[in-house]
Amino acid sequence: MTCFTPINTAAPLVEATAIRHLYGKAEGANLLVLDNVDLTLNENEIVGLLGRSGSGKSTLLRSIAGLIKPTEGQIAFPPRADGPTTVSMVFQSFALFPWLTVLQNVEVGLEAKGVRAEERRKRALAAIDLIGLDGFENAYPKELSGGMRQRVGLARALVVDPSILLMDEPFSALDVLTAETLRTDLLDLWSEGRMPIKSILMVTHNIEEAVLMCDRILVFSSNPGRVVSTIKVDLPQPRHRQDPAFRALVERIYAQMTRPDQAPAARDGVFPGMGLSMVLPRVSTNVMAGLIEAVHAAPFDGRAPMSDLAQDLQYEADELFPIAETLQLLRLAELREGDLVLTATARRYAEAEVDARKQIFAQQLLAHVPLAGHVRRVLDDRPSHSAPASRFRDELEDFMSPDYADQTLRAVTNWSRYAEAFSYDEGADRFSLDDAV
(Lines give C-alpha, C1' and ligand atoms only; values in the text may rest on other atoms or scores of the structure.)
Protein backbone atom coordinates (compact mmCIF):
# COMPACT_ATOMS: atom_id res chain seq x y z
CA MET A 1 0.00 0.00 0.00
CA THR A 2 1.31 3.44 -0.94
CA CYS A 3 1.25 6.04 1.83
CA PHE A 4 1.14 9.75 1.13
CA THR A 5 0.74 12.96 3.08
CA PRO A 6 -2.40 14.87 2.06
CA ILE A 7 -1.88 18.46 0.93
CA ASN A 8 -3.73 20.84 3.22
CA THR A 9 -5.69 23.61 1.54
CA ALA A 10 -5.66 25.47 4.88
CA ALA A 11 -1.86 25.54 4.99
CA PRO A 12 -0.26 29.00 5.24
CA LEU A 13 0.39 30.76 1.97
CA VAL A 14 3.93 31.67 3.02
CA GLU A 15 6.16 31.06 6.03
CA ALA A 16 9.29 33.13 6.65
CA THR A 17 11.47 31.69 9.40
CA ALA A 18 14.45 33.26 11.20
CA ILE A 19 15.10 35.73 8.39
CA ARG A 20 18.33 37.65 8.78
CA HIS A 21 19.73 40.01 6.16
CA LEU A 22 22.93 42.03 5.96
CA TYR A 23 23.92 44.61 3.39
CA GLY A 24 27.61 45.03 2.65
CA LYS A 25 29.23 48.47 2.90
CA ALA A 26 32.08 49.79 0.79
CA GLU A 27 34.62 49.60 3.61
CA GLY A 28 33.87 45.93 4.17
CA ALA A 29 31.59 46.23 7.19
CA ASN A 30 28.06 44.84 7.10
CA LEU A 31 24.79 46.55 7.99
CA LEU A 32 22.28 44.25 9.70
CA VAL A 33 18.79 45.26 8.51
CA LEU A 34 16.73 42.21 9.54
CA ASP A 35 17.38 40.01 12.55
CA ASN A 36 15.55 36.76 13.33
CA VAL A 37 12.22 37.74 11.74
CA ASP A 38 9.37 35.23 11.52
CA LEU A 39 6.21 35.74 9.46
CA THR A 40 3.27 33.52 8.58
CA LEU A 41 0.68 34.70 6.04
CA ASN A 42 -2.63 32.87 6.01
CA GLU A 43 -5.50 32.93 3.56
CA ASN A 44 -8.12 35.71 3.66
CA GLU A 45 -6.13 38.29 5.59
CA ILE A 46 -4.44 41.61 4.99
CA VAL A 47 -1.22 41.83 6.98
CA GLY A 48 0.72 45.06 7.42
CA LEU A 49 4.44 45.46 8.09
CA LEU A 50 4.66 48.70 10.05
CA GLY A 51 7.81 50.50 11.12
CA ARG A 52 10.12 53.39 10.52
CA SER A 53 12.68 53.76 7.75
CA GLY A 54 15.55 51.35 8.31
CA SER A 55 13.41 48.64 9.86
CA GLY A 56 13.84 46.22 6.94
CA LYS A 57 10.16 46.02 5.95
CA SER A 58 10.79 46.36 2.22
CA THR A 59 13.74 43.96 2.44
CA LEU A 60 11.44 41.28 3.91
CA LEU A 61 8.78 41.96 1.25
CA ARG A 62 11.31 41.71 -1.57
CA SER A 63 12.68 38.50 -0.08
CA ILE A 64 9.19 36.97 -0.19
CA ALA A 65 8.81 38.21 -3.79
CA GLY A 66 12.06 36.42 -4.68
CA LEU A 67 13.79 39.66 -5.71
CA ILE A 68 16.54 39.21 -3.12
CA LYS A 69 17.81 36.27 -1.10
CA PRO A 70 18.08 36.73 2.67
CA THR A 71 21.48 36.15 4.25
CA GLU A 72 20.02 33.57 6.65
CA GLY A 73 16.67 31.91 7.22
CA GLN A 74 14.07 30.31 5.00
CA ILE A 75 11.06 31.47 3.01
CA ALA A 76 8.69 28.62 2.19
CA PHE A 77 5.42 28.31 0.28
CA PRO A 78 3.81 25.19 1.79
CA PRO A 79 2.07 22.83 -0.70
CA ARG A 80 -1.67 23.40 -0.92
CA ALA A 81 -4.49 21.41 -2.51
CA ASP A 82 -5.58 24.45 -4.55
CA GLY A 83 -2.24 24.71 -6.35
CA PRO A 84 1.09 26.46 -5.91
CA THR A 85 1.26 29.87 -4.25
CA THR A 86 2.20 32.74 -6.57
CA VAL A 87 2.97 36.38 -5.84
CA SER A 88 2.70 39.77 -7.56
CA MET A 89 4.05 43.09 -6.36
CA VAL A 90 2.90 46.71 -6.48
CA PHE A 91 5.72 49.23 -6.08
CA GLN A 92 5.78 52.66 -4.49
CA SER A 93 7.23 54.32 -7.61
CA PHE A 94 4.62 52.93 -10.10
CA ALA A 95 7.44 51.28 -12.16
CA LEU A 96 5.60 51.57 -15.49
CA PHE A 97 7.25 51.42 -18.91
CA PRO A 98 6.78 54.97 -20.27
CA TRP A 99 6.91 53.86 -23.92
CA LEU A 100 4.02 51.39 -23.49
CA THR A 101 0.31 52.17 -23.31
CA VAL A 102 -1.82 51.27 -20.29
CA LEU A 103 -2.96 48.09 -22.02
CA GLN A 104 0.57 47.11 -22.99
CA ASN A 105 1.88 47.77 -19.47
CA VAL A 106 -0.80 45.53 -17.99
CA GLU A 107 -0.05 42.79 -20.54
CA VAL A 108 3.69 42.67 -19.72
CA GLY A 109 3.44 39.94 -17.09
CA LEU A 110 1.17 37.80 -19.23
CA GLU A 111 3.50 38.16 -22.20
CA ALA A 112 6.42 37.02 -20.02
CA LYS A 113 4.39 33.92 -19.12
CA GLY A 114 3.80 33.11 -22.79
CA VAL A 115 0.05 33.81 -22.82
CA ARG A 116 -1.35 34.13 -26.34
CA ALA A 117 -2.06 37.67 -27.62
CA GLU A 118 -5.85 37.26 -27.77
CA GLU A 119 -6.02 35.90 -24.23
CA ARG A 120 -3.59 38.58 -22.99
CA ARG A 121 -5.78 41.35 -24.35
CA LYS A 122 -8.97 39.84 -22.89
CA ARG A 123 -7.48 39.44 -19.40
CA ALA A 124 -5.75 42.83 -19.44
CA LEU A 125 -8.94 44.65 -20.46
CA ALA A 126 -10.82 42.90 -17.65
CA ALA A 127 -8.17 43.97 -15.12
CA ILE A 128 -8.22 47.56 -16.38
CA ASP A 129 -11.99 47.65 -16.06
CA LEU A 130 -11.78 46.14 -12.56
CA ILE A 131 -9.52 48.88 -11.20
CA GLY A 132 -11.52 51.70 -12.78
CA LEU A 133 -9.45 52.73 -15.80
CA ASP A 134 -11.82 51.62 -18.56
CA GLY A 135 -11.37 54.03 -21.48
CA PHE A 136 -7.68 54.71 -20.82
CA GLU A 137 -6.34 51.56 -22.47
CA ASN A 138 -4.43 53.46 -25.15
CA ALA A 139 -3.11 56.26 -22.92
CA TYR A 140 0.58 56.49 -22.01
CA PRO A 141 1.81 56.86 -18.39
CA LYS A 142 2.77 60.53 -18.95
CA GLU A 143 -0.91 61.28 -19.68
CA LEU A 144 -2.06 59.86 -16.33
CA SER A 145 -2.19 61.27 -12.82
CA GLY A 146 -0.24 59.58 -10.03
CA GLY A 147 -3.34 57.78 -8.79
CA MET A 148 -4.17 56.49 -12.26
CA ARG A 149 -0.60 55.27 -12.76
CA GLN A 150 -0.76 53.35 -9.49
CA ARG A 151 -4.04 51.79 -10.66
CA VAL A 152 -2.18 50.56 -13.75
CA GLY A 153 0.44 49.03 -11.46
CA LEU A 154 -2.33 47.33 -9.50
CA ALA A 155 -3.98 45.99 -12.67
CA ARG A 156 -0.61 44.65 -13.88
CA ALA A 157 -0.17 42.81 -10.57
CA LEU A 158 -3.70 41.36 -10.54
CA VAL A 159 -3.88 40.26 -14.18
CA VAL A 160 -1.58 37.26 -13.58
CA ASP A 161 -3.98 35.88 -10.91
CA PRO A 162 -1.53 35.80 -7.97
CA SER A 163 -2.24 34.10 -4.66
CA ILE A 164 -0.58 36.92 -2.72
CA LEU A 165 -0.54 40.61 -3.54
CA LEU A 166 2.58 42.28 -2.15
CA MET A 167 2.43 46.08 -1.80
CA ASP A 168 5.44 48.22 -0.94
CA GLU A 169 4.10 51.55 0.40
CA PRO A 170 1.70 51.73 -2.58
CA PHE A 171 0.04 55.01 -1.55
CA SER A 172 3.00 57.00 -0.19
CA ALA A 173 3.77 58.75 -3.51
CA LEU A 174 0.19 60.00 -3.84
CA ASP A 175 -1.51 63.07 -2.43
CA VAL A 176 -3.77 62.56 0.59
CA LEU A 177 -7.12 62.55 -1.25
CA THR A 178 -5.93 60.31 -4.11
CA ALA A 179 -4.40 57.85 -1.66
CA GLU A 180 -7.64 57.73 0.35
CA THR A 181 -9.71 57.05 -2.78
CA LEU A 182 -7.41 54.28 -3.97
CA ARG A 183 -7.30 52.71 -0.49
CA THR A 184 -11.11 52.68 -0.31
CA ASP A 185 -11.48 51.21 -3.80
CA LEU A 186 -8.95 48.48 -3.03
CA LEU A 187 -10.73 47.55 0.20
CA ASP A 188 -14.07 47.45 -1.62
CA LEU A 189 -12.65 45.07 -4.25
CA TRP A 190 -11.15 42.91 -1.49
CA SER A 191 -14.30 42.76 0.67
CA GLU A 192 -16.48 41.98 -2.37
CA GLY A 193 -14.15 39.16 -3.41
CA ARG A 194 -13.60 40.67 -6.87
CA MET A 195 -9.80 40.38 -6.86
CA PRO A 196 -8.19 37.02 -7.79
CA ILE A 197 -6.01 36.92 -4.68
CA LYS A 198 -6.06 35.02 -1.40
CA SER A 199 -4.17 37.49 0.82
CA ILE A 200 -2.42 40.87 0.86
CA LEU A 201 0.92 41.65 2.51
CA MET A 202 1.74 45.36 2.60
CA VAL A 203 4.55 47.59 3.84
CA THR A 204 3.60 50.93 5.37
CA HIS A 205 4.92 53.57 7.75
CA ASN A 206 1.48 55.16 8.08
CA ILE A 207 -0.11 53.97 11.32
CA GLU A 208 -3.65 55.04 10.41
CA GLU A 209 -3.33 53.32 7.04
CA ALA A 210 -2.32 50.09 8.75
CA VAL A 211 -5.30 50.24 11.12
CA LEU A 212 -7.68 51.15 8.27
CA MET A 213 -6.67 48.25 6.05
CA CYS A 214 -5.13 45.40 7.99
CA ASP A 215 -6.42 42.41 9.91
CA ARG A 216 -3.03 41.96 11.55
CA ILE A 217 -0.10 44.36 12.00
CA LEU A 218 3.52 43.42 12.63
CA VAL A 219 5.36 46.30 14.30
CA PHE A 220 9.08 46.45 13.51
CA SER A 221 11.89 48.01 15.50
CA SER A 222 14.69 49.75 13.60
CA ASN A 223 18.41 49.14 13.09
CA PRO A 224 18.11 46.18 12.93
CA GLY A 225 14.53 45.28 12.06
CA ARG A 226 12.85 42.89 14.45
CA VAL A 227 9.17 42.12 15.01
CA VAL A 228 8.51 43.62 18.43
CA SER A 229 4.74 43.32 18.47
CA THR A 230 1.91 41.62 16.57
CA ILE A 231 -1.41 43.44 16.80
CA LYS A 232 -4.70 41.89 15.73
CA VAL A 233 -7.20 44.42 14.39
CA ASP A 234 -10.72 43.24 15.24
CA LEU A 235 -12.54 46.39 14.08
CA PRO A 236 -15.25 45.70 11.47
CA GLN A 237 -14.95 47.11 7.95
CA PRO A 238 -15.50 49.80 6.84
CA ARG A 239 -13.43 51.50 9.55
CA HIS A 240 -13.69 55.15 10.51
CA ARG A 241 -10.83 57.31 11.77
CA GLN A 242 -12.95 59.11 14.36
CA ASP A 243 -14.30 55.91 15.90
CA PRO A 244 -13.08 55.82 19.56
CA ALA A 245 -11.93 52.21 19.16
CA PHE A 246 -9.95 53.18 16.04
CA ARG A 247 -8.30 56.13 17.82
CA ALA A 248 -7.48 53.96 20.84
CA LEU A 249 -5.72 51.40 18.65
CA VAL A 250 -3.75 54.10 16.80
CA GLU A 251 -2.64 55.58 20.13
CA ARG A 252 -1.66 52.11 21.38
CA ILE A 253 0.58 51.62 18.34
CA TYR A 254 2.16 55.07 18.79
CA ALA A 255 2.87 54.16 22.42
CA GLN A 256 4.44 50.88 21.26
CA MET A 257 6.66 52.68 18.74
CA THR A 258 7.78 55.37 21.20
CA ARG A 259 8.96 52.97 23.87
CA PRO A 260 12.61 53.65 24.78
CA ASP A 261 13.68 50.22 23.53
CA GLN A 262 12.21 51.01 20.09
CA ALA A 263 14.44 54.03 19.47
CA PRO A 264 17.20 53.59 16.87
CA ALA A 265 20.26 52.15 18.54
CA ALA A 266 23.77 53.58 18.49
CA ARG A 267 27.07 51.90 19.21
CA ASP A 268 27.60 54.05 22.31
CA GLY A 269 24.14 53.56 23.77
CA VAL A 270 20.48 54.05 23.02
CA PHE A 271 19.04 57.30 21.72
CA PRO A 272 19.08 59.75 23.42
CA GLY A 273 22.49 59.88 25.10
CA MET A 274 24.51 58.49 22.23
CA GLY A 275 27.95 58.99 20.71
CA LEU A 276 29.39 59.86 17.32
CA SER A 277 28.23 56.57 15.86
CA MET A 278 24.55 57.51 15.50
CA VAL A 279 23.12 58.54 12.15
CA LEU A 280 21.30 61.86 12.55
CA PRO A 281 18.21 62.78 10.53
CA ARG A 282 17.98 65.87 8.34
CA VAL A 283 15.39 67.79 10.37
CA SER A 284 15.19 71.54 9.81
CA THR A 285 15.26 73.95 12.74
CA ASN A 286 12.11 75.62 11.37
CA VAL A 287 10.23 72.32 11.61
CA MET A 288 11.53 71.74 15.15
CA ALA A 289 10.48 75.25 16.19
CA GLY A 290 7.06 74.75 14.64
CA LEU A 291 6.48 71.50 16.50
CA ILE A 292 7.59 73.05 19.81
CA GLU A 293 5.19 75.94 19.27
CA ALA A 294 2.31 73.60 18.39
CA VAL A 295 2.79 71.45 21.49
CA HIS A 296 3.38 74.48 23.75
CA ALA A 297 0.10 76.12 22.71
CA ALA A 298 -3.46 75.15 23.58
CA PRO A 299 -5.00 72.64 23.56
CA PHE A 300 -1.83 70.63 24.27
CA ASP A 301 -0.16 72.94 26.79
CA GLY A 302 3.15 71.12 26.63
CA ARG A 303 2.02 67.50 26.22
CA ALA A 304 0.54 66.12 22.99
CA PRO A 305 -0.38 62.59 21.87
CA MET A 306 1.71 61.72 18.82
CA SER A 307 -1.44 60.45 17.09
CA ASP A 308 -3.11 63.86 17.50
CA LEU A 309 -0.02 65.66 16.21
CA ALA A 310 0.14 63.40 13.16
CA GLN A 311 -3.52 64.04 12.42
CA ASP A 312 -3.48 67.79 13.07
CA LEU A 313 -0.20 68.48 11.24
CA GLN A 314 -0.75 65.94 8.42
CA TYR A 315 2.42 64.01 9.25
CA GLU A 316 3.02 60.32 8.75
CA ALA A 317 4.82 58.41 11.50
CA ASP A 318 7.99 58.25 9.40
CA GLU A 319 7.99 62.05 9.21
CA LEU A 320 6.96 62.79 12.79
CA PHE A 321 9.24 60.39 14.66
CA PRO A 322 12.56 61.89 13.44
CA ILE A 323 11.43 65.38 14.50
CA ALA A 324 10.27 64.20 17.92
CA GLU A 325 13.42 62.15 18.48
CA THR A 326 15.66 65.04 17.46
CA LEU A 327 13.90 67.21 20.07
CA GLN A 328 14.45 64.38 22.55
CA LEU A 329 18.14 64.24 21.63
CA LEU A 330 18.41 67.98 22.29
CA ARG A 331 16.60 67.53 25.63
CA LEU A 332 13.81 69.76 24.39
CA ALA A 333 11.21 67.00 24.63
CA GLU A 334 10.58 63.50 25.94
CA LEU A 335 8.57 60.66 24.46
CA ARG A 336 6.31 59.11 27.09
CA GLU A 337 3.77 56.40 26.32
CA GLY A 338 2.93 57.79 22.90
CA ASP A 339 2.98 61.44 23.97
CA LEU A 340 5.46 64.19 23.14
CA VAL A 341 6.20 66.14 26.33
CA LEU A 342 8.12 69.42 26.19
CA THR A 343 10.86 70.03 28.72
CA ALA A 344 11.06 73.26 30.73
CA THR A 345 13.84 74.38 28.38
CA ALA A 346 11.58 73.91 25.37
CA ARG A 347 8.80 75.89 27.07
CA ARG A 348 11.28 78.76 27.59
CA TYR A 349 12.32 78.43 23.94
CA ALA A 350 8.69 78.70 22.78
CA GLU A 351 8.21 81.95 24.71
CA ALA A 352 11.58 83.53 23.80
CA GLU A 353 12.51 86.06 21.12
CA VAL A 354 14.64 85.10 18.12
CA ASP A 355 18.09 85.79 19.61
CA ALA A 356 17.25 84.10 22.91
CA ARG A 357 15.93 81.08 21.01
CA LYS A 358 19.26 80.77 19.18
CA GLN A 359 21.16 80.88 22.47
CA ILE A 360 18.97 78.18 24.01
CA PHE A 361 19.31 75.98 20.92
CA ALA A 362 23.10 76.46 20.85
CA GLN A 363 23.40 75.41 24.50
CA GLN A 364 21.35 72.26 23.91
CA LEU A 365 23.14 71.45 20.66
CA LEU A 366 26.69 71.67 22.02
CA ALA A 367 25.81 69.91 25.27
CA HIS A 368 23.80 67.00 23.89
CA VAL A 369 24.84 66.33 20.27
CA PRO A 370 28.33 64.80 20.51
CA LEU A 371 29.29 65.56 16.92
CA ALA A 372 28.44 69.27 17.31
CA GLY A 373 30.40 69.46 20.55
CA HIS A 374 33.33 67.64 18.93
CA VAL A 375 33.49 70.03 15.96
CA ARG A 376 33.29 73.06 18.25
CA ARG A 377 36.11 71.79 20.50
CA VAL A 378 38.39 71.17 17.51
CA LEU A 379 37.71 74.68 16.20
CA ASP A 380 38.30 76.22 19.63
CA ASP A 381 41.64 74.40 20.02
CA ARG A 382 43.08 75.32 16.62
CA PRO A 383 44.91 78.65 16.29
CA SER A 384 43.15 79.26 12.96
CA HIS A 385 39.76 78.30 14.45
CA SER A 386 39.00 76.40 11.25
CA ALA A 387 39.13 72.80 10.01
CA PRO A 388 38.21 70.91 6.83
CA ALA A 389 34.81 69.25 6.95
CA SER A 390 36.38 66.16 5.36
CA ARG A 391 38.21 65.50 8.63
CA PHE A 392 34.91 64.95 10.46
CA ARG A 393 33.29 63.16 7.52
CA ASP A 394 36.15 60.65 7.53
CA GLU A 395 35.71 60.10 11.27
CA LEU A 396 32.02 59.37 10.80
CA GLU A 397 32.77 56.85 8.06
CA ASP A 398 34.47 54.69 10.68
CA PHE A 399 30.96 54.09 12.05
CA MET A 400 28.61 54.40 9.07
CA SER A 401 28.34 54.46 5.28
CA PRO A 402 29.57 57.51 3.32
CA ASP A 403 25.98 58.50 2.53
CA TYR A 404 24.94 58.39 6.18
CA ALA A 405 28.12 60.22 7.20
CA ASP A 406 27.31 63.01 4.76
CA GLN A 407 23.69 63.16 5.94
CA THR A 408 24.75 63.31 9.60
CA LEU A 409 27.35 66.02 9.04
CA ARG A 410 24.89 68.10 7.00
CA ALA A 411 22.30 67.83 9.78
CA VAL A 412 24.75 69.11 12.39
CA THR A 413 25.99 71.80 10.01
CA ASN A 414 22.48 73.18 9.49
CA TRP A 415 21.65 73.09 13.21
CA SER A 416 24.94 74.81 14.06
CA ARG A 417 24.43 77.53 11.47
CA TYR A 418 21.04 78.36 13.00
CA ALA A 419 22.53 78.37 16.50
CA GLU A 420 25.61 80.30 15.32
CA ALA A 421 27.72 77.68 17.10
CA PHE A 422 30.09 77.55 14.12
CA SER A 423 29.91 78.41 10.42
CA TYR A 424 30.50 76.44 7.24
CA ASP A 425 31.94 77.56 3.90
CA GLU A 426 30.50 75.23 1.28
CA GLY A 427 32.92 76.32 -1.45
CA ALA A 428 35.96 75.55 0.70
CA ASP A 429 34.21 72.70 2.56
CA ARG A 430 35.53 74.08 5.85
CA PHE A 431 34.16 74.80 9.30
CA SER A 432 35.20 77.90 11.20
CA LEU A 433 34.22 80.15 14.10
CA ASP A 434 33.54 83.09 11.78
CA ASP A 435 30.25 84.71 12.90
CA ALA A 436 29.96 82.22 15.76
CA VAL A 437 28.80 83.44 19.18
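No hydrogens, no waters, no symmetry mates; every other heavy atom, side chains included, goes into these values. Here the structure is a predicted model, which is why all the values come from computation and not from measurement.
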Parallel, tilted or perpendicular: which fits the ring planes of Tyr424 and Phe431, with parallel below 30° and perpendicular above 60°?
->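 It falls in the tilted class, 30° to 60°.
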Nearest heavy-atom neighbours spanning [X] and [Y]:
X	Y	value
Val160	Ser88	CG2-OG, 3.0 Å
Val250	Ser307	CG1-CB, 3.7 Å
His296	Leu342	N-CD1, 3.6 Å
Ser58	Asp168	OG-OD1, 2.8 Å
Thr326	Met288	CG2-SD, 3.6 Å

Any donor-acceptor pair under 3.5 Å from Thr71 side chain to Leu22 backbone |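 Yes, Thr71 side chain to Leu22 backbone: donor-acceptor pair under 3.5 Å.
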Donor-acceptor list for residues 134-142 side chains, cut-off 3.5 Å, not counting sequence neighbours:
| residue | atom | partner | partner atom | Å |
| --- | --- | --- | --- | --- |
| Glu137 | OE1 | Gly135 | N | 3.1 |
| Glu137 | OE2 | Gly135 | N | 3.2 |

Is the closest basic N to carboxylate O distance between Glu395 and Arg391 below 4.0 Å?
->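 So Glu395 pairs with Arg391 through a salt bridge.
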Leu39: which of Thr17, Leu60, Ile75, Ile19 passes side chain to side chain contact (heavy atoms under 4.5 Å, CB included) |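 Passing option: Leu60.
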Criterion side chain to side chain contact (heavy atoms under 4.5 Å, CB included) against Val87, the qualifying member of Leu61, Ile164, Leu13 =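 It is Ile164, the one option of Leu61, Ile164, Leu13 that forms the side chain to side chain contact (heavy atoms under 4.5 Å, CB included) with Val87.
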Taking atom CD of Glu192 as the centre, report whether more than 12 heavy atoms of other residues, nucleotides or ligands fall under 6.0 Å from it.
->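 Yes, because the 6.0 Å sphere around CD of Glu192 holds more than 12 heavy atoms from other groups.
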Has Glu119 got more than 12 heavy atoms of other residues, nucleotides or ligands less than 6.0 Å from its CD?
-> yes
Quick one: salt bridge (charged side-chain N to carboxylate O under 4.0 Å, His left out) partners of [X], sequence neighbours excluded?
X	result
Asp38	none
Glu72	Arg20
Arg156	none
Arg183	Glu180, Glu209

Within a strict 4.5 Å, meaning less than it, do heavy atoms of the Gln311 and Arg247 side chains meet?
->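 They are in contact (side-chain heavy atoms under 4.5 Å apart), so the answer is yes.
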Taking side chain as C-beta onward, heavy atoms only, is Phe171 less than 4.5 Å from Met213?
-> yes
Rounded to the nearest 0.5 Å, what separation is found between the CG atom of Leu165 and the CH2 atom of Trp190?
->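 Reported to 0.5 Å precision, the distance equals 9.0 Å.
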Roughly how far apart are Met89 CE and Met167 CE, rounded to 0.5 Å?
-> 11.0 Å
Taking distance alone, no hydrogens or angles, what donor-acceptor pairs closer than 3.5 Å link side-chain atoms of residues 102-114 to residues at least two apart or in another chain?
| residue | atom | partner | partner atom | Å |
| --- | --- | --- | --- | --- |
| Gln104 | OE1 | Thr101 | N | 2.9 |
| Gln104 | OE1 | Thr101 | OG1 | 3.3 |
| Asn105 | OD1 | Phe97 | N | 2.8 |
| Asn105 | ND2 | Phe97 | O | 3.1 |
| Asn105 | ND2 | Leu100 | O | 3.1 |
| Asn105 | ND2 | Thr101 | O | 3.1 |
| Glu107 | OE2 | Arg121 | N | 3.3 |

